[in-house]
Amino acid sequence: MDLSYGAEYEAFRDEVREFVAAHWSREDARNPERITAFRLKATEAGYLYRNIPRRFGGSEQPADVLRAQVIHEEFTSARAPMEIYGNGVRMLVPTLLECGAPWQQEQFIPPTVRGQVDWAQGYSEPGSGSDLASVRTRGELVGDEWIINGQKIWTSRAHECRYMFALVRTEPDAPKHQGISYLLLDLHQPGVTIRPLKQITGQSTFNEVFFDDARTPLDWIVGRRGEGWQVSRATLKHERTGIGNAETYLEQFAKLLNVARSATRNGRPAIEDPIVQDRLAEIEGYLQAHRYSTFRQLSMSLAGKDPGPVTTMNKLVVTNLGHMIAALAQELIGDASLLLPVYEPGHKVGDERWMNQFFGSLGIAIAGGTSNIQRNIIGERGLGLPRDQTGGDS
Amino acid sequence: MDLSYGAEYEAFRDEVREFVAAHWSREDARNPERITAFRLKATEAGYLYRNIPRRFGGSEQPADVLRAQVIHEEFTSARAPMEIYGNGVRMLVPTLLECGAPWQQEQFIPPTVRGQVDWAQGYSEPGSGSDLASVRTRGELVGDEWIINGQKIWTSRAHECRYMFALVRTEPDAPKHQGISYLLLDLHQPGVTIRPLKQITGQSTFNEVFFDDARTPLDWIVGRRGEGWQVSRATLKHERTGIGNAETYLEQFAKLLNVARSATRNGRPAIEDPIVQDRLAEIEGYLQAHRYSTFRQLSMSLAGKDPGPVTTMNKLVVTNLGHMIAALAQELIGDASLLLPVYEPGHKVGDERWMNQFFGSLGIAIAGGTSNIQRNIIGERGLGLPRDQTGGDS
Amino acid sequence: MNFDLSAEQTALQDSVGRLLQNELDQVRLLEIFDSEDGHDARLWQALGELGVLGLMIDERHGGTGLEMLDAAVVTEMLGYHGAPGPYLGHVAASLAICWSANDAQKERWLPRLATGECLGTVALAESDAAWQPNEWRLAGPTALNGTKRNVLYPAQADVMVVGVAGGELMLVENPAETVEVTPLPSLDATRRIAHVAFRDTPAAPLSGSAERLRDALLVLLAADAFGGARRCLDMAVDYALTREQFGQVIGAFQGLKHQLANVAADIEPARALYWYAAHAFDAVPEDAQRMAALAKAHVTERFLHAARECTQAHGGIAYTWEFPLHVWLKRAVFDRMYMGSTSMHRTRVAELSGWALAG
Amino acid sequence: MNFDLSAEQTALQDSVGRLLQNELDQVRLLEIFDSEDGHDARLWQALGELGVLGLMIDERHGGTGLEMLDAAVVTEMLGYHGAPGPYLGHVAASLAICWSANDAQKERWLPRLATGECLGTVALAESDAAWQPNEWRLAGPTALNGTKRNVLYPAQADVMVVGVAGGELMLVENPAETVEVTPLPSLDATRRIAHVAFRDTPAAPLSGSAERLRDALLVLLAADAFGGARRCLDMAVDYALTREQFGQVIGAFQGLKHQLANVAADIEPARALYWYAAHAFDAVPEDAQRMAALAKAHVTERFLHAARECTQAHGGIAYTWEFPLHVWLKRAVFDRMYMGSTSMHRTRVAELSGWALAG
């Protein structure tokens with residue numbers, strides 16, 4: 001058992017560190033041109049877009065989870081920009097690489113990778129949450145165009161996106177899963193209306209998108225008619241390959257400790273309160289278990305071994321962790337939990353910032369399939385129990 | 001709002017108290033004949049077997065929950081015997097009163113009420129737990145006798161019982177719920193084998209009962225052929241009319257407080273430990289809520305009002321309470337939880353007696369329908385959600 | 001035994017329910033939630049006309065002369081409907097004035113507090129969640145200097161009952177003229193709070209018990225919490241009966257069904273707990289403090305749990321501002337923290353029970 | 001990075017699993033559970049022959065010279081199969097002798113401990129769950145007088161490591177001749193315990209650290225608990241796949257499915273936690289104590305929770321003595337309380353982390 005990365009990777013780490021030191025400084029962060037230039041250099045050096053072919057703007061490196069991890073660590077610690085973050089790079093590009101037509105790959109991947117366009121995800125609808133395959137947004141082929149009518153919801157940052165990839169029902173008479181196509185469409189057109197969706201935190205990071213005779217060309221379809229469900233599964237597969245990351249929760253726990261140190265209970269620092277200590281240690285048990293569990297999963301993946309059912313559990317595990325941390329934080333901050341964190345100029349946000357974490361932990365339990373769907377997946381794919389009616393996407 | 005019983009009932013209480021003082025003394029408890037004589041007198045006075053007609057040995061009193069409560073309180077505080085405790089009085093007698101033939105009522109109710117015979121309940125089978133209607137014990141009518149083959153389980157005190165009332169499949173071709181008959185049978189016959197079932201506590205309060213061409217007369221059937229399921233529901237209805245009683249758990253909580261006082265943590269009485277206090281107060285919140293909830297249910301029943309969905313929840317509520325109390329007790333007794341309570345002459349049982357409560361709280365969650373079945377009942381009958389396949393007996 | 005509401009109490013509760021049903025549909029509720037001051041004049045007036053605002057004020061001063069149990073069952077309905085506004089502080093201030101003001105003060109304020117024409121509030125907490133009378137440091141004897149935190153609707157208040165050192169109470173009349181109010185971004189926008197700075201603010205001593213005022217608020221918070229929890233469950237059940245996924249209403253899925261059944265069993269008995277705490281406040285002095293603390297800790301804890309579970313049961317829709325379930329989620333946070341945390345009141349229960357002493 | 005077992009470790013674990021699969025079916029397990037002394041000579045011999053009993057004893061003294069991680073993954077398998085017998089105390093005593101006995105003592109005991117021909121145990125706890133070295137009061141210097149509680153298999157032990165005041169260790173050879181053993185009705189009959197009274201019992205000082213001995217036991221208990229939890233879940237899943245009610249296997253019902261999914265997600269990551277605690281014991285001194293305490297508290301707590309949930313998932317059958325699930329339920333109670341409660345170890349985690357100091 002060896003928690004270090006080994007000599008080869010430490011040498012690689014030195015190389016990456018030197019590269020970053022040579023090409024990036026903190027002040028660059030305020031200069032969009034410098035950021036773009038750095039990304040280009042880092043891609044040429046083989047550090048970014050590693051699984052994307054060179055002809056589409058990637059660096060086309062052999063898969064190597066540890067190198068990716070080293071790059072992530074070094075870039076993050078220098079606060080250097082990594083890949084463009086968004087649904088385009090994260091979901092559409094892998095899908096196009098796997099299922100897209102050559103012209104689609106050529107036309108869409110390079111500008112997406114360069115950050116010139118981003119994509120909105122058009123999956124969820126008001127009536128289709130966990131039962132995604134029940135989408136009702138219709139697409140009708142009229143001449144050489146798809147005419148699209150309906151509504152999508154939970155579309156993040158739709159305002160800032162040029163395009164959308166969407167699940168659209170094009171074969172209304174086919175069985176549920178066989179009647180969907182995976183269409184690409186331009187959001188900058190009269191038939192599309194975008195409305196921000198205010199969340200319970202008061203912020204608006206999601207949108208509703210309405211289609212009223214929106215149009216897209218005949219060949220802006222990925223895969224064939226009626227194959228959209230399968231195509232979207234490919235995307236989800238990519239989304240889910242990420243092994244549960246414990247870093248976020250380690251950071252949250254460190255912040256939780258700080259709150260416990262600054263808060264008081266019965267006139268003493270809360271962290272000296274036996275109840276608080278007990279709950280912190282309980283949370284840390286879950287946290288360190290998950291942390292080393294991710295190391296184990298990573299190590300096994302590196303060795304080409306199957307980590308087993310635990311991979312189906314990561315989401316529920318971190319959902320529970322987030323909930324435990326948020327619940328304790330809410331108690332520790334005391335009366336600050338009576339306040340809504342308001343991010344406005346001139347307004348100082350104090351401990352009430354934890355209320356965003358408090359609501360966020362609920363949002364995580366809901367987003368991307370509720371925890372009940374996760375429990376189905378664990379029960380069926382993880383434990384081998386029989387499917388029931390909500391087998392969902394398994 | 002008035003938590004007293006009012007002048008009329010306090011007068012009645014005086015009457016009961018005088019009666020008990022006149023006819024019962026603690027030493028009588030060791031004398032079976034005195035017990036029997038007292039029960040007879042108490043029945044004549046109208047205090048016991050209040051809902052059983054006089055001709056069957058009851059006192060035939062109008063229903064009055066508060067009088068029953070007063071009698072219970074006064075008898076209990078004087079440790080005077082109440083009704084014979086057992087499935088006969090508790091389940092069979094109400095069933096016979098509702099569905100039995102006149103000759104069955106005459107023949108079976110009086111000796112049951114007098115404690116001359118007791119009855120085993122023959123419902124559960126190894127393959128039929130929550131799905132009780134799937135019983136497979138067969139009854140075949142041959143001449144003027146039922147020939148019974150099969151097995152029952154979880155039969156409490158079968159050794160001490162003369163008779164059994166049983167669910168037996170007599171119409172194998174009928175639909176599941178219509179193929180069952182409610183038969184009475186004599187356990188003292190060669191075709192019946194009783195085997196004690198050792199529980200995880202080490203004690204044996206239940207049995208398995210095997211039928212190998214056991215026999216019972218043609219007319220020892222309650223209700224008609226194939227109506228056994230409905231007849232048994234009548235019994236269960238009687239079993240469930242009891243409004244959840246909080247007394248047991250108030251007593252347990254008092255004992256829990258005593259354990260917390262005698263146990264030590266970090267060299268101080270455990271009850272001074274903030275963690276222990278917090279958990280005790282949490283449990284007491286649930287306990288007092290349930291206690292006053294039962295007062296509310298009782299009051300509403302007295303007034304002929306429907307207490308609402310809460311009646312479907314009492315069992316789950318007390319199951320959870322028992323679990324919380326047992327879990328804390330197990331921690332408080334510390335190393336005593338490493339011991340099995342052994343009740344043998346010459347062996348002193350200490351704090352480890354709580355381990356029986358610990359296992360018992362699990363047993364309660366299982367017995368009489370698992371907690372999951374209770375959740376179905378709450379969801380469907382209490383909240384009005386649609387039935388699913390395990391609708392069970394609802 | 002009659003541990004049940006009287007016909008009059010049930011009728012009162014129903015009439016408040018009907019009023020709120022009519023005046024406060026979900027659209028209106030969100031409008032007030034999003035409004036500048038979180039205080040709707042029409043709703044306030046309607047509550048006043050129904051007698052809700054002067055329930056415990058004696059009849060001689062224009063109130064109904066009822067008891068805490070009556071006020072609590074009404075508060076349950078306000079909780080159920082998520083009623084926004086200064087109700088809690090108003091009722092508490094009125095009570096304190098009833099108990100302990102002199103005749104002139106009573107004459108001056110109670111009749112107009114009973115109708116809602118004037119607004120009352122209470123200023124209790126100091127820094128570090130110092131909600132308990134023995135923690136207060138602000139001191140008289142005639143002019144106040146210092147700060148009270150998280151006061152309900154102080155800017156709109158005509159009269160303010162202030163907790164001061166030694167666990168005493170004082171009365172500040174027309175505080176708008178003599179205090180400085182710093183509004184806060186209230187998470188629960190149905191109950192707006194602000195910090196109040198006193199600068200040589202004239203104040204008159206009151207004779208009443210701050211502990212009893214605290215207990216009154218604890219009982220009212222428990223009642224509000226029970227109503228709110230029940231509402232969350234009702235909304236989740238309604239949703240489970242109408243929302244379809246995988247070809248059937250989601251309430252038919254055992255996973256969700258069991259989740260809601262657990263919530264129901266968790267909260268339903270709590271109704272009787274807050275009833276008894278209110279009854280003890282009225283009629284069982286030896287139980288009053290302890291049961292108020294126990295009820296506040298237990299019921300508000302259950303409310304937050306129910307609100308979380310029911311939010312999850314809804315899925316994404318409940319994460320939007322437009323769908324008003326979050327109003328109750330935020331009320332749950334308020335009820336749980338206001339007047340002191342669960343953990344603090346559980347410690348009080350342990351002390352008041354004398355657990356460490358007896359036996 | 002290679003946070004995974006080596007091929008050798010996996011092979012070792014598998015071979016122990018196969019042995020136990022063969023030697024210890026559920027009938028045999030219950031026979032030993034119900035036996036007079038809870039110690040099966042054939043099983044013990046088989047474990048000795050496989051090298052399990054001398055895993056951490058150096059090769060010079062007849063052992064395999066492996067480390068804690070190896071012992072821990074083996075212990076997981078013993079936990080999975082509910083292996084009865086004096087393994088825990090034996091391994092701990094062997095370790096202490098390895099570290100801290102003189103050459104003569106080592107020569108005398110280690111070769112026979114490695115094969116299992118001789119049996120070792122450790123005597124640590126004193127009254128009031130005094131499991132920690134700083135709580136011990138029994139004192140030397142050469143003869144012991146007093147009592148140790150809840151000692152594993154002392155009557156059968158050939159050699160006993162005893163914790164004494166000051167957090168020191170002493171060695172008692174052939175204790176049967178010099179101590180008085182009071183057997184106890186062990187709840188977990190796969191690990192029999194007894195009180196041991198020392199009466200002028202000759203004892204020799206050992207140089208090793210009692211804290212390290214404690215940490216070793218904590219790691220082994222965590223490993224055992226993980227194996228046990230996994231077994232409970234496996235049994236419940238098997239049962240859910242075969243038991244039919246209402247015309248289908250009960251594992252198809254979402255209520256039960258979600259219950260088992262929760263258990264799985266609750267326990268599965270704990271595997272890596274005990275691995276790291278064992279690895280830290282071997283190779284990361286600055287983490288060793290803290291991770292041993294954290295792993296013991298976390299994994300044994302999860303084991304008891306899993307055992308309870310899986311017992312409920314089975315229904316009535318699991319409440320019978322004949323169905324061996326209760327063996328793991330009782331092992332879970334043992335693992336959780338032995339060497340100190342969850343709450344005590346969580347307090348230690350807080351201290352060892354310096355939470356109240358840093359920042």
Side-chain angles (χ1 to χ4, degrees), chain A residues 124 126-134 153-154 176 197-204 206 208 263-267 273 275-276 323 327 330-331 333-342 344 347 349 352 355 358-359 361-363 365-367 369-373 375-376 388-392, chain C residues 34 125-131 135 149-150 184-189 191-193 243-248 250 252-256 258-259 304-305 307-309 311-327 329-330 333-334 336-338 340-344 346-347:
Chain A
S124 292
S128 305
S130 48
D131 182 11
L132 205 52
S134 69
I153 195 171
W154 301 115
K176 183 165 147 182
L197 201 58
K198 191 172 172 187
Q199 295 142 239
I200 62 180
T201 57
Q203 292 155 343
S204 299
F206 296 98
E208 290 176 287
T264 53
R265 278 205 181 194
N266 310 318
D273 183 317
I275 300 177
V276 174
H323 172 50
Q330 193 250 315
E331 285 182 40
I333 63 173
D335 286 352
S337 66
L338 295 170
L339 306 181
L340 183 77
V342 174
E344 276 172 10
H347 180 83
V349 178
E352 69 266 26
M355 295 313 290
F358 181 76
F359 293 121
S361 74
L362 258 175
I366 291 170
T370 67
S371 289
N372 276 346
I373 294 288
R375 292 184 184 102
N376 265 8
D388 63 21
Q389 313 93 312
T390 59
Chain C
D34 291 341
E126 299 181 8
S127 58
D128 280 337
W131 288 99
E135 298 175 297
R149 295 166 63 88
N150 302 317
L184 297 166
S186 305
L187 182 83
D188 171 11
R191 271 93 64 100
R192 302 295 171 92
I193 53 177
R243 169 82 169 175
E244 290 188 18
Q245 293 280 274
F246 306 102
Q248 57 178 309
I250 59 176
F253 292 117
Q254 228 182 32
L256 184 60
H258 288 189
Q259 192 177 349
L304 185 58
H305 178 72
R308 274 195 72 104
E309 289 291 308
T311 300
Q312 280 206 46
H314 278 81
I317 181 94
Y319 205 66
T320 66
W321 192 277
E322 280 178 21
F323 188 87
L325 185 57
H326 69 95
V327 172
L329 182 60
K330 291 164 180 174
V333 173
F334 179 95
R336 181 155 168 266
M337 299 308 293
Y338 208 76
S341 70
T342 302
S343 149
M344 191 266 280
R346 286 193 178 144
T347 303

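On a predicted model such as this, the values are computed, not experimentally measured, just so you know. What you see below is based on every heavy atom in this structure, not just the backbone, and it leaves out hydrogens, waters and symmetry mates. Each chain gets a letter, A, B and so on, in the order its sequence line appears, and its residues count up from 1.
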Can you say whether [X] sits under 4.5 Å from chain A via the side chain, the backbone, both, or neither, judging by heavy atoms?
X: C:A318; result: backbone
X: C:I250; result: neither
X: C:R336; result: side chain
X: C:R243; result: side chain
X: C:L325; result: neither
X: C:E244; result: backbone
X: C:S343; result: side chain

> Does one side chain, of A:R265 or C:S341, offer a donor that lies under 3.5 Å from an acceptor on the other?
Replying inline: no

Counting only non-hydrogen atoms closer than 4.5 Å, does [X] touch chain C with its backbone (N, CA, C, O), its side chain (CB onward), both, or neither?
X: A:L197; result: side chain
X: A:S124; result: neither
X: A:R375; result: neither
X: A:F358; result: both
X: A:S337; result: both

Any [X] side-chain heavy atom under 4.5 Å of [Y] side chain:
X: A:I153; Y: C:T320; answer: no
X: A:I200; Y: C:K330; answer: yes
X: C:L187; Y: A:E352; answer: no

Identify the heavy atoms of [X] and [Y] that sit nearest to each other, and give their distance.
X: C:I317; Y: A:W154; result: N-CZ2, 3.9 Å
X: A:S128; Y: C:Q245; result: CA-NE2, 3.9 Å
X: C:M337; Y: A:E331; result: CE-O, 4.2 Å

Nearest 0.5 Å, what's the [atom1]-[atom2] distance between [X] and [Y]?
X: C:R192; Y: A:L338; atom1: CZ; atom2: CG; answer: 13.5 Å
X: C:Q248; Y: A:D131; atom1: CD; atom2: CG; answer: 10.5 Å
X: C:S186; Y: A:L340; atom1: OG; atom2: CG; answer: 9.0 Å

>> If the condition is salt bridge (charged side-chain N to carboxylate O under 4.0 Å, His left out), which residues does C:E126 pass it with, not counting sequence neighbours?
In response: C:K148

> Among C:G340, C:G315, C:P185, which has the most heavy-atom pairs under 4.5 Å with chain A?
Replying inline: C:P185

> Using a cut-off of under 4.5 Å for heavy-atom pairs, which of C:F334, C:W321, C:W131 has the most such pairs with chain A?
Replying inline: C:W321

> Mind checking what makes ring-ring contact (aromatic ring centres under 6.0 Å, His included) contact with A:F359, not counting sequence neighbours?
Replying inline: none

> Hey, which of A:I275, A:D335, A:V342, A:T264 has the most heavy atom pairs under 4.5 Å with chain C?
Replying inline: A:D335

